[in-house]
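Not measured: the values here are computed from a predicted model.
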Amino acid sequence: MDTTQLLKGVLDVAVLAVVAREDGYGYDVVRRLRAGGLEDVGEASVYGTLRRLYASGALTTYVVPSDEGPHRKYYGINAQGRAMLEAQRKDWHAFATAMTDLLDEGDPR
């Protein structure tokens with residue numbers, strides 16, 4: 001199954017969930033999403049999502065100097081982002097339950 005379209009639909013909530021656990025810079029968020037099972041997530045998609053969530057007021061940013069290269073822009077979740085994450089978490093659980101029920105109907109197990 002090609003999960004590209006599914007990933008587009010859940011990337012905002014996945015990024016919020018990762019950043020809610022711990023602030024992170026762009027590639028760090030990509031790495032944690034991939035480690036969490038979203039191996040096909042693209043770097044450009046994550047960077048765009050981080051910028052969009054920041055522009056919408058769900059994330060904050062701060063810069064941390066790096067001895068190994070350019071400074072890194074870290075993203076953190078704020079109260080608006082936590083409220084957004086909670087609402088999307090509820091939506092996800094309802095949607096996942098409905099899909100599980102549909103897929104299990106008539107399953108000959």
Original post:
Out of Asn78, Asp23, Ile77, which one pairs with Thr60 under the side chain to side chain contact (heavy atoms under 4.5 Å, CB included) rule?
Top reply: Asn78
Subject >> Test: Arg52 and Asp12 ion pair at under 4.0 Å >> reply: yes
Original post:
Looking at Asp40, Thr49, Leu7, Leu38, which hits side chain to side chain contact (heavy atoms under 4.5 Å, CB included) with Leu33?
Top reply: Leu38
Original post:
If you count the non-hydrogen atoms of other residues, nucleotides and ligands that lie under 6.0 Å from OH in Tyr25, is the total more than 12?
Top reply: yes
Subject >> Option from Glu86, Met84, Arg89 for which side chain to side chain contact (heavy atoms under 4.5 Å, CB included) with Leu16 holds >> reply: Met84
**OP:** Take Leu102 and Met99 through the test side-chain contact (heavy atoms from CB on, under 4.5 Å) and record every step on the way to the result.
**Re:** CA-CA 5 Å; Leu102 285 170; Met99 285 302 299; 4.3 Å; yes
Subject >> Distance in Å, Tyr75 OH paired with Leu59 CG, rounded so as to fall on 0.5 Å steps >> reply: 8.0 Å
Subject >> Over 12 foreign heavy atoms within 6.0 Å of CZ, Phe95 >> reply: no
Original post:
Should the ring pair Tyr62 and Tyr74 be called parallel, tilted or perpendicular, given that the plane angle runs from 0 to 90° and is split at 30 and 60?
Top reply: parallel
Original post:
Are Val63 and Tyr54 connected in the hydrophobic side-chain network, where two residues link if heavy atoms are under 4.5 Å apart?
Top reply: no
**OP:** Starting at OG of Ser66, measure out to NE2 of His71 and round the result to the nearest 0.5 Å.
**Re:** 8.5 Å
**OP:** Taking the side chain as every heavy atom from C-beta outward, state whether Tyr27 and Arg32 have any pair of such atoms under 4.5 Å apart.
**Re:** no
Subject >> Heavy-atom neighbours of Arg34 CZ exceed 12 at 6.0 Å >> reply: yes
Original post:
So, the side chain of Tyr47 versus the backbone of Val30: is there a donor-acceptor pair under 3.5 Å, distance only?
Top reply: no
